[in-house]
Protein chains: 2
Amino acid sequence: MKTIKTGDQNLIKKINKSIVMKSIEQKGPISRAQISKDTGLNKATVSTMVSELLEESLVNEIGAGKSNGGRKPVLLYFNHKAVFSIGIDLGVNYILAILTDLRGDIVFEKLEKLEDKEPSIVIEKVIALIHDVLSHTPESPYGVIGIGIGVPGIVDTDGKILFAPNLQWKQIDLKQAIEEAVHIPVSIENEANTGCLGEQLYGAGKNISNLLYVSIGIGIGTGIIINGNLYTGATGISGEMGHHTIETNGKKCRCGNRGCWELYASESALLEEAMKLDVFKQDVTSNLDSITREAKNGNSEVIQLLNSIGEYVGIGLTNIINTFNPEMIIIGNRLAQFKTWITNPIHRTLEERLSPYSNKTTIEFASLDTYSSALGSSSIAKSNFFAQHKITVK
Amino acid sequence: MKTIKTGDQNLIKKINKSIVMKSIEQKGPISRAQISKDTGLNKATVSTMVSELLEESLVNEIGAGKSNGGRKPVLLYFNHKAVFSIGIDLGVNYILAILTDLRGDIVFEKLEKLEDKEPSIVIEKVIALIHDVLSHTPESPYGVIGIGIGVPGIVDTDGKILFAPNLQWKQIDLKQAIEEAVHIPVSIENEANTGCLGEQLYGAGKNISNLLYVSIGIGIGTGIIINGNLYTGATGISGEMGHHTIETNGKKCRCGNRGCWELYASESALLEEAMKLDVFKQDVTSNLDSITREAKNGNSEVIQLLNSIGEYVGIGLTNIINTFNPEMIIIGNRLAQFKTWITNPIHRTLEERLSPYSNKTTIEFASLDTYSSALGSSSIAKSNFFAQHKITVK
DNA sequence: TAAATTAGTTTAACCATTAAACTAAGTATA
DNA sequence: TATACTTAGTTTAATGGTTAAACTAATTTA
């Protein structure tokens with residue numbers, strides 16, 4: 001029989017210290033007195049926690065505030081530059097590496113093209129990028145405490161990449177390979193999950209605790225946040241909603257299923273249909289940029305196509321809303337750039353298809369541009385650092 | 001600013017007391033020494049908790065066990081008859097009320113037909129049933145501590161029934177009506193959610209913490225258990241997966257959507273298609289029993305129909321697995337009685353449609369017969385009782 | 001019969017939170 | 001300017017939870 005997680009004084013302290021820290025992080029500059037009022041913790045408790053946080057360099061005293069009719073408060077603020085982490089967005093034809101502080105501010109970034117997708121070559125590139133980022137890290141109390149990597153594929157709970165179709169990778173233990181090379185803890189997650197975390201922490205989904213992030217690129221992946229936590233399923237591979245059947249006898253999909261949503265509503269679907277249009281017929285290099293250009297020029301065929309894609313997106317979102325009843329859905333990745341043309345068809349479809357009892361979900365587009373996944377990845381590294389009691393309580 | 005839930009000694013005690021209680025409930029008869037070894041809690045702590053539980057009549061000493069080479073252990077066991085709760089399954093044409101003890105054993109039950117669905121009449125019937133059950137409750141330390149009701153409709157987080165299509169109810173505050181009449185706490189939940197809880201606690205899903213329950217009756221509803229807890233969405237109305245679009249331009253559904261799963265895979269779909277068959281053409285009263293009869297007789301048309309329904313069930317389950325990657329899916333409610341004929345088509349469909357990386361989900365059928373929902377309902381009442389610190393810690 | 005072993009309780013120490021008392025440093029006012 | 005009042009933050013003593021160690025109790029083993 002295994003030992004169960006029981007309660008002890010350490011647990012109390014961890015909980016309360018974390019509350020104090022979050023208070024300063026979110027509402028700083030703030031005084032000890034105010035924290036006590038806000039949280040219900042006793043002034044003495046707050047003082048104890050704050051002095052520990054000061055010692056750990058996670059919090060600084062920034063000087064005196066304005067008096068409210070008595071002694072001036074000492075204002076505390078969170079030291080965002082105490083800890084750094086690296087976030088990597090491993091795309092199908094690029095690698096983006098960023099260095100972030102605790103606020104999610106990007107301190108350094110580097111983007112590389114990816115041509116050869118051979119695992120060993122990609123891994124070398126990632127390691128080189130990491131070394132580059134490390135050499136650009138400012139002096140700080142803790143330095144770089146972890147690396148998070150978002151990948152376009154199915155990742156199990158141990159961080160192994162089971163299958164990344166667009167990289168043609170199978171069974172790659174990226175985590176181990178990189179940890180061996182750089183000796184910093186590495187976490188691997190699916191790109192939709194990292195994007196979801198990024199948007200929830202720093203983007204359109206701030207402070208939303210029941211949230212779905214729909215990453216529409218070559219395929220469609222989804223990140224699920226339930227009660228504030230990322231849900232990854234029993235074996236880490238939930239959120240494959242791109243493979244929802246929306247046409248029972250529809251096109252055959254690479255995944256084995258038929259009529260998958262992503263066959264009708266993704267970047268691939270858009271490109272495939274675009275190739276059939278007169279405007280693009282000659283243009284073999286037809287890509288998203290030329291579609292945007294034509295849409296901006298008012299090409300009605302193209303606008304009609306985007307309208308149709310938007311409707312298909314709406315059908316899938318209807319399924320998601322009926323399933324999760326979330327507060328918000330965020331649409332991210334490359335299809336989000338067509339926001340102007342797909343917003344209306346999406347809303348129209350939802351209006352048509354949703355039951356009147358389930359229409360409270362807000363639909364947003366990702367607000368972090370191309371950084372959603374990298375930011376979310378770096379946040380995972382931070383969470384792991386703080387979870388592993390490395391700071392709280394000796 | 002609201003006060004946050006902070007940590008204090010009370011919290012520790014609550015956690016540890018609950019661990020001790022669960023230990024006795026699940027592994028009793030068990031000694032204090034064994035609990036200490038199993039949980040990692042100190043012997044002294046266990047002794048303290050046990051003496052409180054004894055005082056509260058939740059635990060009894062059952063006598064001495066066999067010596068293991070020293071003093072004989074005193075065996076403790078959980079007093080399942082300390083607390084009773086009522087579970088009610090409010091169906092479309094019946095009401096089932098049960099009285100259960102803490103183990104989920106049914107001590108008394110009563111089933112009534114429901115003809116007039118007028119809310120006030122139904123509420124009267126429910127209240128009468130409750131009084132009947134109350135009069136059959138054995139003497140016990142705590143008596144009946146709550147009533148849970150599972151209803152075939154959309155219920156918000158306050159327990160108000162927003163819409164129950166098959167009862168033709170809208171905006172009915174069942175909770176308030178019944179609490180006023182009987183002065184016992186009442187909880188209302190959707191029937192799929194209560195069925196889900198019932199199966200997870202006492203049925204096919206025992207100890208499974210990532211679980212979907214698919215209730216297939218007139219429509220299809222789903223209960224979602226994530227990390228051991230029921231997930232009900234931002235406003236309490238998640239799990240409407242019966243309204244997943246599986247045919248983009250399919251039949252129009254009452255919910256406003258098109259091609260909803262439940263139009264192809266529910267009891268209604270089965271009955272509708274059955275009516276077209278020669279065997280049933282004359283038989284206006286054609287119902288599930290006659291379909292079972294014909295299937296047992298080997299009527300190939302009927303078996304073919306059930307096969308087709310099974311395939312459609314499989315399509316929806318594929319969607320669910322791709323979404324949630326659950327450990328288990330349990331199929332319940334009336335369609336489950338066709339297990340013999342739909343099991344193979346379901347598995348065949350999953351085999352065909354699931355990606356090789358996502359096929360670890362076990363498919364089970366409900367094992368509590370017609371009691372899933374009533375048992376789950378009564379369990380909600382118990383959970384609320386224990387959660388409301390009514391017992392743990394003064 | 002004595003030693004060893006296991007079960008359960010008691011004791012004393014530890015430590016996190018907290019109310020209350022206290023120090024510190026300001027404002028308001030007469 | 002002196003005094004009263006307010007607010008901020010620390011110190012102190014009390015409370016109450018867990019725990020290691022010592023203890024009592026009861027049984028097996030040699």
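Quick note on labels: first sequence line is chain A, next is B, and so on, each numbered from 1.
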S.K.: Are side-chain N/O atoms of A:Asn384 and A:Ser187 paired as donor and acceptor at under 3.5 Å?
M.R.: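 Indeed, the side chains of A:Asn384 and A:Ser187 share at least one donor-acceptor pair under 3.5 Å.
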
S.K.: Run the ring-ring contact (aromatic ring centres under 6.0 Å, His included) test against A:Tyr202 and tell me which residues pass, sequence neighbours left out.
M.R.: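 Checked A:Tyr202 against ring-ring contact (aromatic ring centres under 6.0 Å, His included); zero matches.
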
S.K.: With sequence neighbours excluded, tell me which residues meet side chain to side chain donor-acceptor pair (under 3.5 Å) with B:Glu189.
M.R.: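 Scan of B:Glu189 (side chain to side chain donor-acceptor pair (under 3.5 Å), adjacent residues dropped) gives B:Asn193.
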
S.K.: Look at the side-chain N and O atoms of B:Ser36 and state whether any lies under 4.0 Å from the OP1 or OP2 oxygen of C:dG8.
M.R.: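 No, because none of the side-chain N or O atoms of B:Ser36 sits under 4.0 Å from OP1 or OP2 of C:dG8.
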
S.K.: Rounded to whole Å, how long is the line connecting atom CG of A:Leu11 with atom C1' of C:dC15?
M.R.: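 Value for this atom pair: 14 Å.
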
S.K.: Nearest-Å distance, CG (A:Leu75) to P (D:dT7)?
M.R.: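 Atom-to-atom, A:Leu75 to D:dT7, this comes out as 17 Å.
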
S.K.: Once each nucleotide of nucleotides 17-30 of chain C is scored for protein heavy atoms under 4.0 Å, what B/S/- sequence comes out, 5' to 3'?
M.R.: SBB----BBBS---

S.K.: Side-chain donor-acceptor pairs under 3.5 Å in residues 62-78 of chain B, sequence neighbours left out?
M.R.:
unit_1, atom_1, unit_2, atom_2, d
B:Ser67, OG, B:Gly69, N, 2.9
B:Ser67, OG, B:Gly70, N, 3.0
B:Ser67, OG, B:Gly70, O, 2.6

S.K.: Scan B:Val74 against the nucleic acid and name what it touches under 4.0 Å (heavy atoms): base, sugar-phosphate only, or nothing.
M.R.: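 B:Val74: backbone/sugar contact only, no base atoms under 4.0 Å.
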
S.K.: So, OP1 or OP2 of D:dT10: does either fall under 4.0 Å of a side-chain N or O from A:Arg32?
M.R.: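 True: A:Arg32 side-chain N/O within range (under 4.0 Å) of D:dT10 OP1/OP2.
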
S.K.: How would you list, by chain and number, every residue that makes a side chain to side chain donor-acceptor pair (under 3.5 Å) with B:Thr48, sequence neighbours excluded?
M.R.: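 B:Thr48: no side chain to side chain donor-acceptor pair (under 3.5 Å) contacts found.
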
S.K.: Give the rounded distance in Å between these two atoms: CD of A:Glu52 and C1' of C:dA16.
M.R.: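 Whole-Å distance recorded here is 11 Å.
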
S.K.: Going by salt bridge (Lys or Arg N to Asp or Glu O under 4.0 Å), name the pairs with one or both residues in residues 73-86 of chain B, residues two or more places apart or in two chains.
M.R.: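 As it turns out, the salt bridge (Lys or Arg N to Asp or Glu O under 4.0 Å) pairs with a partner in residues 73-86 of chain B, which skip direct neighbours, are B:Lys81-B:Asp101.
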
S.K.: Taking only side-chain nitrogens and oxygens of A:Lys37, does any of them come within less than 4.0 Å of OP1 or OP2 of D:dA8?
M.R.: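 Result: yes.
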
